[in-house]
Amino acid sequence: MDKKQLSNILDEIATLLEIKGENPFKSRAYKMAARTILSESAEPKELVAAGEIQKLKGIGQALSEKITTLVTTGKLPYYDNLKASVPPGLIAMTRIPGFGPKKINKVYETFGIQSISELESACNENRLAELAGFGAKTQTKILQGIEFLKKHQDRHLLHHAETAAQPLFKAIQDHPKVIRAEIAGSLRRKKETIKDIDIVAGVKNEDAAEVMQFFVDLPEVESITGQGTTKSSILLKHGISADLRLMPDSKFPYILHHFTGSAEHNTALRSLAKKQGLKVSEHGLFREDEQLVPCENESDIYTALGLDYIPPELREDTGEIAIAAANKLPKLVELSDIRGILHCHSTFSDGANTIEEMANAVKAMGHDYFGLCDHSQVAVYARGLQPERVVEQHALIDELNLKFEGFKILKGTECDIMSDGSLDYSDDILATFDFVVASVHSNLSMQAEEATNRILKAISNPYVSILGHPTGRLLLNREGLPLDMYRIIDVAAAHNVAIELNANPHRLDIDWRYCKYAKEQGVYISINPDAHSVQGLADMGYGVGIARKGWLEKRNVLNTLSLEKITQFFDNK
Ligand code: DGT
Ligand code: CA
Ligand code: ZN
């Protein structure tokens, strides 16, 4: 059990305790322990072996014993019993946006509500409006949350799908009878949410049944929803479905291409092929006389259609086919183009690692700079920095910077954008930072016009260099502000403000669909992990995937600039 798994279980215990209405101190202790475990550099197994668990902050004897049992046996009777004692419908309710365990406990205790559909009926009958701590507004919010959940419940976040897909894919790829294999579908196209995992593989005909049997027998499989020799479908223990498609290896390029999609890209490609007297499908690329056009890989398929190779991320039918025909596809940004990391948090606000730990980790990634951006004062829930703490932090950064050579910590802030578009620090405080990221965290249920004006006012402040996670959305959880993003990009261009592509897989905000427009207007996109711990830095990969979906090249991404160039950009503000 790694620290992520352990920390998830501890978090789940905290939630279960809250749903049961137990002593809040108890659930808080589990929540804190979950965070502590995550912020440790050592894995739980090592900590247990060294007898270090109990020495960790906030972990007493009882908790340390439970953690030890979990880590050494992979099980914990206390956890199993706790889970069994809570009706499953109550646990399902935790997925309703804005409906937390405390409220779940309240409706259960008061009305005996045990499922989402019972909750929905109670709201429709106006029964929650009178309940203390609820009210008509909360009731409407719950109904909206249930609607949202219904709309999105069959989709999964990119990182969850990827975590679920990797061991599966690896097992198939390593199978001795598999000639080649690839992940296809929306996962290969790096979509921000995924309905199901698609894997394709080339095998010899006579091996197909054996490989399929191996697939459905994998330990990750919860249930089998279909089994054949060319296609099988399973439900994973993660709750995500996966399809495996097998073909003779000579057909591999065609199935890989077809099942990578998108369906819209395939349709557009099919009509282009038709004009050339060709037919393209999962079965192959055929001439009018039904002769197969031999292709060894995907690239050959595009070549046969007179196109440059189109990277999977671009296959969304947003103009990529015409551009590929004109040999004008962009050279998409890559993770190795990144020169520095901006917008991260430290223990000064709500991060789990110190500034020094974060900076060292960024330096170890081979980067040239690290832009720290702790929260501003209004963000009390995140221990936002009062002006005196800013001064203290800057002194510490100056001291740390003396130790580095060819690397620099930049003094940034993630300054809250207030409801009226003003900023949470006065201009004289903002002036003391090297750069300012301005973000919204509160009052996210505004109408489009008011919300857009709020952002426009904020980015018109001369100290703002980057607009952070513009809408404040949480994927599959809350919509965020309904912004007129084109107007915002126009104004950002006029004021020379960069826009963040927040790489946290729960956000991925700015949405990739707007990146091409930003690129055309000459607005820099800054790919920022918004990391709250050293582990969070790895989210950069998701950000780069989304940037590629948005057609971005190295020159469009702010943090591909050298330290000298980015300092110039910030100083010009
Ligand atoms: P999702 O919804 O996240 O699973 O997205 P995809 O793109 O993975 O969609 P999926 O799993 O339904 O199908 C995988 C690919 O198979 C899809 O990207 C293109 C191809 N495909 C599936 N259905 C159709 C179809 O009706 N027409 C065409 N042209 N292609 C299809
Ligand atoms: Ca899929
Ligand atoms: Zn933020």
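Everything numeric here is computed off the predicted structure, so don't read it as measured data. Start at 1 and go down the list; that is how both ligands and their atoms are numbered.
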Regarding Glu414 and Ser439, do their side chains bring together a donor and an acceptor under 3.5 Å, going by distance alone?
yes
Are any of the heavy atoms in Ile197 under 4.0 Å away from ligand 1?
no
For atom 18 (O) of ligand 1, find the nearest protein heavy atom and state the residue, atom name and distance (0.1 Å precision).
Gly261 CA, 3.1 Å
For His265 and ligand 1, answer yes if some heavy atom of the residue is under 4.0 Å from a ligand atom, otherwise no.
no
Just which atoms of ligand 1 are under 4.0 Å from any heavy atom in Asp198?
8 (O), 11 (O), 14 (C)
Please identify which atoms of ligand 1 are closer than 4.0 Å to at least one heavy atom of Ile194.
3 (O)
Give the atoms of ligand 1, by number and element, whose distance to some non-hydrogen atom of Gly185 is under 4.0 Å.
8 (O)
I need the nearest protein heavy-atom contact for atom 23 (N) of ligand 1: residue, atom name and distance, please.
Ala263 CB, 4.9 Å
dist Gln144:CD -> Ile96:CD1 (nearest 0.5 Å) comes out at 12.5 Å
Under 4.0 Å from a heavy atom of Thr260: give me the atoms of ligand 1 that qualify, with their elements.
18 (O)
Does Asp196 approach ligand 1 within less than 4.0 angstrom via side chain, backbone, both or neither, non-hydrogen atoms only?
both
Using protein heavy atoms only, decide if any is under 4.0 Å from atom 26 (O) of ligand 1.
no
Of all the heavy atoms in His258, does at least one lie under 4.0 Å from an atom in ligand 1?
yes
If you scan protein heavy atoms around atom 30 (N) of ligand 1, the nearest is Asn266 ND2, 3.6 Å
Could you tell me which non-hydrogen atom of Arg315 sits nearest to which non-hydrogen atom of Arg189, and how far apart they are?
O-CD, 3.6 Å
What atom name does the N, O or S atom of Asp198 nearest to the Ca ion (ligand 2) carry?
OD2
Judged by non-hydrogen atoms, does Arg155 sit under 4.0 Å from ligand 1?
yes
Could you verify whether a donor N or O on one side chain and an acceptor N or O on the other, from Glu264 and Ser262, lie under 3.5 Å apart?
yes
Suppose I only count heavy atoms of Ser186 and a 4.0 Å limit; which atoms of ligand 1 are within that range?
1 (P), 3 (O), 4 (O), 5 (O), 6 (P), 7 (O), 8 (O)
Asp196: which N/O/S atom is nearest the Ca ion (ligand 2)?
OD1
I want to know whether Tyr514 and Tyr486 have ring centres closer than 6.0 Å.
yes
Within the supplied structure, the quantity of interest is the number of heavy atoms (other residues, nucleotides, ligands) at a distance under 6.0 Å from Lys170 NZ; does it exceed 12?
no
Considering only heavy atoms, does Leu187 approach ligand 1 within less than 4.0 Å through its side chain, its backbone, both, or neither?
neither
Phe348 and His375: aromatic ring centres closer than 6.0 Å?
no
Should Asn477 and His506 count as side-chain neighbours, where that means a heavy-atom distance under 4.5 Å?
no
Just so I know, are the side chains of Asp420 and Arg454 near enough to count as touching, which here means a heavy-atom distance under 4.5 Å?
no
Is it the case that His345 and Asp530 place a side-chain donor and acceptor less than 3.5 Å from each other?
yes
Hey, what do you get for OG1 (Thr163) to NE2 (His160), rounding to the nearest 0.5 Å?
6.5 Å
Please determine whether any non-hydrogen atom of Arg189 lies less than 4.0 Å from an atom of ligand 1.
yes
Decide yes or no for Ile146 and Phe99: does some side-chain heavy atom of the first lie under 4.5 Å from some side-chain heavy atom of the second?
no
Where does the angle between the aromatic ring planes of Tyr381 and His441 fall among parallel (under 30°), tilted (30 to 60°) and perpendicular (over 60°)?
perpendicular
Under 3.5 Å, is there a donor-acceptor pair linking the side chains of Ser241 and Asp196?
no
Check whether more than 12 heavy atoms from other residues, nucleotides or ligands sit under 6.0 Å from atom NZ of Lys516, and answer yes or no.
yes
Ser262 contact mode with ligand 1 (heavy-atom cut-off under 4.0 Å):
backbone
Protein contact to atom 10 (P) of ligand 1 [nearest heavy atom, distance to 0.1 Å]
Lys195 NZ, 3.9 Å
Indicate, with yes or no, if the rings of Phe215 and His175 have centres closer together than 6.0 Å.
no
Is there a protein heavy atom at a distance of less than 4.0 Å from atom 16 (O) of ligand 1?
yes
Excluding waters, which protein N, O or S atoms are within less than 2.8 Å of the Zn ion (ligand 3)?
Glu414 OE2, His441 NE2, His469 NE2
May I ask you to list the atoms of ligand 1 that are less than 4.0 angstrom from any heavy atom of Phe259?
14 (C), 15 (C), 16 (O)
Minimum-distance protein heavy atom relative to atom 29 (N) of ligand 1:
Arg270 NH2, 3.2 Å
For the pair Tyr524 and Phe569, name the ring-plane relationship: parallel under 30°, tilted 30 to 60°, perpendicular over 60°.
perpendicular
